[in-house]
Q: 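Handing you a structure now.
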Amino acid sequence: MRVLLDVLPHPIKRFALLTVPLGLAGCEGGLSALAPAGPVAADIAWLWWAMLAGATLLTLLVVVLLVLAFGPPRAVSDRRWTHGLGLWFSLGILTSVLIAGLWVGERILPRDDGAVEVEAHAYQWGWRFTQPGADGPVETDGVLHIPANRPVDVLVTTEDVIHAFWVPRLAGKIDAIPGRINRLRLQADVPGTLSGTCAEFCGIGHAGMRFEVIVHADEDWPDALAAATGGADE
Amino acid sequence: MSEAKFVPEIAPNPPQRALALHRQLDRVWANGPGLWGQITAVNHTTLGLRFMGTALIFFAIGGILAMLIRAQLATPQGAFLDTDLYNQFFTMHGSIMMFLFAIPMLEGLAIYMLPKILGTRDMAFPRLTALGYWCYLFGGLILLIALFAGVAPRDGWFMYTPLSSATYSPGINADVWLLGITFVEISAICAAVEITVTILRQRAPGMKLTQMPLLAWYMLGTSAMMLVGFPPLILGSILLEVERAFDWPFFDVARGGDPLLWQHLFWLFGHPEVYIIFLPAAGVLSTIIPVLCRTTIVGYGAIVAAIVALVFLSFGLWVHHMFTVGIPHMALAFFSAASVLVAVPTAVQVFAWIGTMWKGQPQLRLPMLHVLGFFLTFVMGGLTGVMLAIVPFNWQAHDTAFVTAHLHYVLIGGFVFPMMAAATYWMPQITGRAPIKGLGAAAFWVILIGFHGTFFIMHLTGLMGMPRRIDVYPANPEWTWLNLTSSIFGFVMTIGFALFALDLILQALMGRRTARNPWRAPTLEWAMLLPTPSYTFASLPLPQQQDAQARLTLARGEGALPGAARGVRELLVTDAGTARPDHVAVLPGNSALPLGLAAAIGLFVLMMLAGLYWLTLPALALVAALVWRWGRGMAFTRDHAPVTVAPGLDLPVQCHTPMTLSHTGAVCLLVANGTLFASLLFGVGFLSVVAPGWPAPPPGHGGVAEAWMIGATLVALVFGAFAVRLADRARRSGAGMLAGAGAGAGFVSNLVALALIAWLAGTALDDPTGHARDALRGVLAGYVGLHAFIVTGFAAFAFDQARRGEIAPSRPGSLPGWRLWQDYTAATALIAAAIVLWQGGAA
Amino acid sequence: MKLLAWTLAGPTIWAIVFSLVYALHGAGCALGWQDVEAPLGSAHRLALTLAWSAGLVACGMLLAVRPAGEGREAYLPRAGAWIGLGATLFTLFPVVFASTC
């Protein structure tokens, strides 16, 4: 919650506060992309609120222009409408949105910076995770363990059909494609438990293909992983 | 460059008695009596309405499915449907609304409106119109029967493999989709070909491209997109069906395939599809808005430029449906930029329309209400579309209810509201009756409130994490009130649509007679009797008559080509750029052949579905025989005297000219065919460069003997191209025997090519189930083989025509068509051979 | 038809260059060009930038040679050429900065 409030401009905070408590059942914050719990999701949420504000203004502009149209006939300049508003005005707005999007996109890409690497293996219908423990890889079913405050790269693979790995409070989603290993960068700010789900339709069991992400304090990692999964004897 | 000198002044014909002309024309153009008359009808007014009526029935069925989906989602633990049924319902809802409602609806609109606004009497290929309708109906029925039998497709309307593969979707559910939808797409290709030809070649004399009604520009853009947009999906469906039926591994990653190839092919169609649906609706708006504002459109040129931009740009967006599959950021950036840029031509149009409203005096009549509904809804949908084009946001919103909300804003805002505006605007033209006051406006408000109540908060539902296509959400009670609200308003919207349908039915049955041109519109569809007579115009509008006010002049036969004195269906064909009169086309009359051909194709589809693969061969033979009959139906057996179109203007009949409607149509069809081939080449390139599982294992067959056989096939096909030229030259110089000999030689060489390909496929190619490389080689061989079969048929047809004396110095008969196809076949065979040899050599 | 051909020329150039750059991008990533040293960083980025520049030049030349005149007959070819140039510029500018593979 604090993270959310930190990144948002003031007027939006109040609206966010209205929506977030709805998502507090189950895991903290549920699956809401509007309640980011890490810098990647926060960047995207920021982008969303900015675009929402812009879209609201543009919708209002169109509505006002339409209302004003219901008057007596006026002499209009064709070029002002088609080239002025249609071409240059929209092109200006769209260019700024695109640049913001590409900038955020580059910022949140995985890069070679010694991030913790975990593996997420999807199957019909569940998730198997592999985390780097103190004494080698630790496998878990349906629960992913990660440290807080450190970049984590999830390597996503699938056993059968296409699935998608999504923890909305941490980052966007990435598909699990047969024959490919996809990499997703995420990072959690504070320890806690978060929800994840399969986002790509994968058959009868799609709705139930959930998982949990347990975020451990950075200083406890990787001991906390061993403790949580029953020690290094696995 | 002054084009006026190319269009000679055409003097009007002397006036005649309108009633006598009407009787004479109606005898020739009318449908037959009774049910048989309906079955054999090929008239564009009949078929356009039938397309739209059938589409509305499918809309109702798709809507009922949507209500079942909403009922299930109203509570977190909905026990209303089981998951399998739920999956079938959302798959069918999407498939029906896209393929059985939206596309046929716009085809119907184009088929109904184009001849009327362009000033001609029918579409270019009336029997093709009917064939398209029957393919649509039968394909749709196959899907519906599967739905009622509980074996409907259930893998989502974009059928991602491997979920839709034989391993993970056993049973015929997925086959029903692949075969049924491909069957329906035949109608899309038919419509695209004839819409293009009709707009380019049948405009009233002197109606330059730059003067034609904007709706025609929009439809031209739409049909061009359909010609290029549908083939990738048709190819994808064929490949996936072949993989399911015969285990050829195009998408199986273990054997050199790649499931992403399906996604590329599907969205190469799927995104242009959105604009294929939007453009006709925008055309309606560009037509209606100026009329209802008592003015002319702002920025005709800018709007045409926007259409051109949309047609092209919309083919550069498809990857934005694949932002989460793991494509590098630079490639995503290209498609993100293109997806953002496509909003510019859309904005140009939106502001041109608003500017038009400023320029004129908008009247708040019923169609205008729907236009306003369009503005509000579509602008919001467009803005969320821009958001989804932004890569990082897309990573969050993709595959959630946010996307569901966005696409409904775009499709209902950008298609359904304009179509409702169109319906309320043109109902008087269609039925000759005026609307009943009150009910239509009530329907509008209920739909508007219901729609926004359903979908507005669905954006929030998606951002709060609800994925698409889930049937229960017990762990997320925070979504309950959102979903319940959507469900309640969904039912409100349904009530609105029911009211709208009721309004149309009451107007058709009980409305009083309408004024002749109730909106005082300028376009030509109002320059005729209401409801439309079978022949549309008693005489075709000359340059000074291309306005709704020319109604009486045209009815009295003062335009071009009045009446039907020769007892056949005639219309004027003009030149594509300047609309200079070129020749008179005689169209085929009522016929049951379209129904028969569609039934034969249906038989093939059913045999495929039943897994009786050997029985598909007799079905294909039946198809070939009926196609032959089709061609025979248009063969001219004797010379025809020139027809007097207007005083001092005598034009030849089509059998004496090279640039016929059929020729333009064949070129359009080859453009679509070439796109299919190019998509196949894309598949070859994509798999061999990008797919894991390559390079392929060394081929077991191949070598010098194989290369010689391939070379011999090419020689045979190229010889066919010489043979057709030889036959044509002999025909010109009056050597009928020699022309027949040329056709015979072409037939033999094509037959040799066909036999060689069969032999190659049977003995020299590796087992296609082993690796995608061998499967692709098999498909290339099959593609060339099919074309060798087609040109063999062309040669045989020409030989038969020569034997009957139908090929004469002044009449080329089927030779030009054969030549086009023979050249195309030789060219694609050359490319296919190069690939097969390269893949053999590379390994 | 001449009018259509001139109008469609610009967008067609865009379509060709867009497909070419996308294909080069895919092929380059698959064949490892991003690891080959070259001006602009890597052989991959160099190839993409060259293809993009060629497209811009082609559109610019089209603007220079398009038929002159007035009215819709001249507006559409002019608009087509600008659409080609604008679309090539706008959709492919990421070649100079975005992460390649």
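To find a chain, count down the sequence lines: A is the first, B the second, and so on, and within it residues start at 1. Remember, it's a predicted structure, so these values are computed and weren't measured experimentally.
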Q: Nearest 0.5 Å, please: how far is CE in Met51(A) from OG1 in Thr384(B)?
A: 10.0 Å

Q: Which heavy atom of Asn476(B) sits nearest to which heavy atom of Arg210(A), and what is that distance?
A: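 Scanning both residues, the minimum pair turns out to be OD1-NH1, 2.8 Å.
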
Q: Chain A heavy atoms under 4.5 Å from Ile303(B): which part of the residue, side chain, backbone, both or neither?
A: neither

Q: Using a 4.5 angstrom heavy-atom cutoff, name the option from Val156(A), Thr197(A), Leu68(A) with the most pairs to chain B.
A: Leu68(A)

Q: Can you tell which of Trp49(A), Trp48(A), Trp46(A) makes a ring-ring contact (aromatic ring centres under 6.0 Å, His included) with Phe393(B)?
A: Trp48(A)

Q: Ile204(A) versus chain B, heavy atoms under 4.5 Å apart: side chain, backbone, both or neither?
A: both

Q: Find the distance between CG (Leu332(B)) and CG (Leu102(A)) and round it off to the nearest 0.5 Å.
A: 9.5 Å

Q: Check each atom of Val76(A) against the heavy atoms of chain B and say whether the ones under 4.5 Å are side chain, backbone, both or neither.
A: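 It is the side chain, since no backbone atom gets that close.
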
Q: Phe90(B) versus chain A, heavy atoms under 4.5 Å apart: side chain, backbone, both or neither?
A: side chain

Q: Is the closest side-chain heavy-atom distance between Ser336(B) and Leu98(A) below 4.5 Å?
A: yes

Q: How long is the span from the OG atom in Ser32(A) to the CE atom in Met466(B), to the nearest 0.5 Å?
A: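 So the OG of Ser32(A) and the CE of Met466(B) are separated by 14.0 Å.
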
Q: Taking the six-membered ring for Trp, are Tyr160(B) and Phe201(A) closer than 6.0 Å centroid to centroid?
A: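 Distance test on ring centres: not under 6.0 Å, no.
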
Q: Hey, is CG on Leu364(B) packed in by over 12 heavy atoms from elsewhere, all under 6.0 Å?
A: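 More than 12 heavy atoms, drawn from other residues, nucleotides or ligands, come within 6.0 Å of this atom.
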
Q: Highest number of heavy-atom pairs under 4.5 Å with chain A: which of Met380(B), His398(B), His459(B)?
A: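 Highest number of heavy-atom pairs under 4.5 Å: His398(B).
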
Q: Spell out, as yes or no, whether a donor-acceptor pair under 3.5 Å connects the side chain of Gln396(B) to the backbone of Pro168(A).
A: yes

Q: Counting heavy-atom pairs under 4.5 Å with chain B, which one of Ala164(A), Gly179(A), Ala176(A) comes out on top?
A: Gly179(A)

Q: Using every non-hydrogen atom in the two residues, find where Pro73(A) and Gln361(B) come nearest and quote the distance to one decimal.
A: CD-OE1, 3.7 Å

Q: Need one label for Leu85(A): side chain, backbone, both or neither, based on atoms under 4.5 Å from any heavy atom in chain B.
A: both

Q: Could you state the interatomic distance from OG (Ser164(B)) to CD1 (Ile162(A)), rounded to the nearest 0.5 Å?
A: 9.0 Å

Q: Considering only heavy atoms, which portion of Ala55(A) lies under 4.5 Å from any heavy atom of chain B: side chain, backbone, both, or neither?
A: both

Q: Please indicate whether Arg80(A) has more than 12 foreign heavy atoms, meaning atoms of other residues, nucleotides or ligands, lying under 6.0 Å from its CZ.
A: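 Atom CZ in Arg80(A) is not crowded, with 12 or fewer foreign heavy atoms closer than 6.0 Å.
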
Q: In terms of heavy-atom proximity below 4.5 Å to chain B, should Ala171(A) be classed as side chain, backbone, both, or neither?
A: backbone

Q: For Pro178(A), which of Asp252(B), Thr161(B), Asp258(B), Val253(B) qualifies under side chain to side chain contact (heavy atoms under 4.5 Å, CB included)?
A: Val253(B)

Q: Can you tell me which portion of Ile354(B) sits under 4.5 Å from chain A's heavy atoms? Options are side chain, backbone, both or neither.
A: both

Q: Below 4.5 Å from any heavy atom of chain B, which atoms of Ile108(A) appear? Answer side chain, backbone, both or neither.
A: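 Interface part for Ile108(A): side chain.
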
Q: Is the shortest side-chain heavy-atom distance between Ile174(A) and Trp395(B) below 4.5 Å?
A: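 Ile174(A) does not reach Trp395(B) side chain to side chain.
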
Q: Of all the heavy-atom pairs spanning Gly101(A) and Ile390(B), show the shortest one and how long it is.
A: CA-CG2, 3.5 Å

Q: Taking side chain as everything from C-beta outward and backbone as N, CA, C, O, which of these in Arg180(A) sits under 4.5 Å from a heavy atom of chain B? Side chain, backbone, both or neither.
A: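 The side chain, not the backbone.
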
Q: At a 4.5 Å cut-off on heavy atoms, which part of Val63(A) comes close to chain B: side chain, backbone, both, or neither?
A: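 Contact with chain B: side chain only.
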
Q: Evaluate Tyr168(B) against Gln124(A) for side chain to side chain contact (heavy atoms under 4.5 Å, CB included), listing each step before the verdict.
A: CA-CA 10 Å; Tyr168(B) 299 105; Gln124(A) 276 182 328; 3.5 Å; yes

Q: Could you please spell out the steps behind the side chain to side chain contact (heavy atoms under 4.5 Å, CB included) verdict for Trp166(A) and Thr324(B)?
A: CA-CA 11 Å; Trp166(A) 191 30; Thr324(B) 63; over 6 Å; no

Q: Measure distances from Phe402(B) to the heavy atoms of chain A and classify the residue's part below 4.5 Å as side chain, backbone, both or neither.
A: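 The side chain, not the backbone.
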
Q: Rounded to the nearest 0.5 Å, what's the gap from CG on Asp399(B) to CD on Glu200(A)? Could you check?
A: 4.0 Å

Q: Is the number of heavy atoms from other residues, nucleotides or ligands within 6.0 Å of CZ (Phe70(A)) greater than 12?
A: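 Counting other residues, nucleotides and ligands, CZ of Phe70(A) exceeds 12 neighbours.
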
Q: Please step through side chain to side chain contact (heavy atoms under 4.5 Å, CB included) for the pair Leu460(B) and Leu34(A), ending with a clear verdict.
A: CA-CA 9 Å; Leu460(B) 183 60; Leu34(A) 302 179; 3.8 Å; yes

Q: Answer with side chain, backbone, both or neither: which region of Arg294(B) has an atom nearer than 4.5 Å to a non-hydrogen atom of chain A?
A: neither

Q: Got a donor-acceptor contact below 3.5 angstrom from the Asp175(A) side chain to the Gly326(B) backbone?
A: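 No, because the side chain of Asp175(A) does not come within donor-acceptor range (under 3.5 Å) of the backbone of Gly326(B).
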
Q: Let's test your reading of the structure: which of Gly172(A), Gly84(A), Ser90(A), Ala100(A) forms the most heavy-atom pairs below 4.5 Å with chain B?
A: Gly172(A)

Q: So, for Asp471(B) and Ala207(A), which heavy atoms are closest and what is the spacing to 0.1 Å?
A: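 Taking every non-hydrogen atom into account, OD1-CB, 3.5 Å.
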
Q: Decide if atom CZ of Arg468(B) counts as having more than 12 heavy atoms of other residues, nucleotides or ligands within a radius under 6.0 Å.
A: yes

Q: Which atoms form the tightest heavy-atom contact between Thr82(A) and Gly299(B), and what is the distance?
A: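 Answer, listing the atom of Thr82(A) first, then Gly299(B): CG2-CA, 4.1 Å.
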
Q: Do the two ring centres, one from Trp81(A) and one from Trp358(B), sit under 6.0 Å apart?
A: yes

Q: Sort Pro362(B) into side chain, backbone, both or neither according to what part of it lies under 4.5 angstrom from a heavy atom of chain A.
A: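 For Pro362(B), backbone and side chain are both near chain A.
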
Q: Taking C-beta and beyond as the side chain, do Leu58(A) and Val379(B) meet within less than 4.5 Å on heavy atoms?
A: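 Leu58(A) vs Val379(B): side chains apart.
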
Q: Can you tell me which portion of Val371(B) sits under 4.5 Å from chain A's heavy atoms? Options are side chain, backbone, both or neither.
A: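 Contact with chain A involves no heavy atom of Val371(B) at all.
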
Q: Given side chains that start at C-beta, do those of Met357(B) and Leu66(A) come closer than 4.5 Å, heavy atoms only?
A: yes

Q: Using non-hydrogen atoms and a 4.5 Å limit, figure out which bit of Glu106(A) sits close to chain B: side chain, backbone, both or neither.
A: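 Its backbone and side chain both get close to chain B.
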
Q: Of the backbone (N, CA, C, O) and the side chain (C-beta and beyond), which part of Ala305(B) lies under 4.5 Å from a heavy atom of chain A, both, or neither?
A: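 Contact with chain A involves no heavy atom of Ala305(B) at all.
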
Q: Any donor-acceptor pair under 3.5 Å linking the side chain of Asp78(A) with the backbone of Val298(B)?
A: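 Side chain of Asp78(A) to backbone of Val298(B): no pair is present.
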
Q: So which heavy atom on Pro467(B) is nearest to which on Cys198(A), and how close?
A: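 Nearest heavy atoms, Pro467(B) then Cys198(A): CG-O, 4.2 Å.
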
Q: So which of Leu383(B), Val325(B), Ile470(B), Val391(B) has the biggest tally of heavy-atom pairs under 4.5 Å with chain A?
A: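 Greatest number of close heavy-atom pairs with chain A: Val325(B).
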
Q: Hey, could you give me the CZ/NE2 distance between Arg469(B) and His206(A), rounded to the nearest 0.5 Å?
A: 8.0 Å

Q: Please report the C-alpha distance between Met387(B) and Val97(A) in whole Å, then the side-chain angles of each, then the deciding distance to 0.1 Å, and finally whether the side chain to side chain contact (heavy atoms under 4.5 Å, CB included) criterion is met.
A: CA-CA 9 Å; Met387(B) 297 177 186; Val97(A) 177; over 6 Å; no

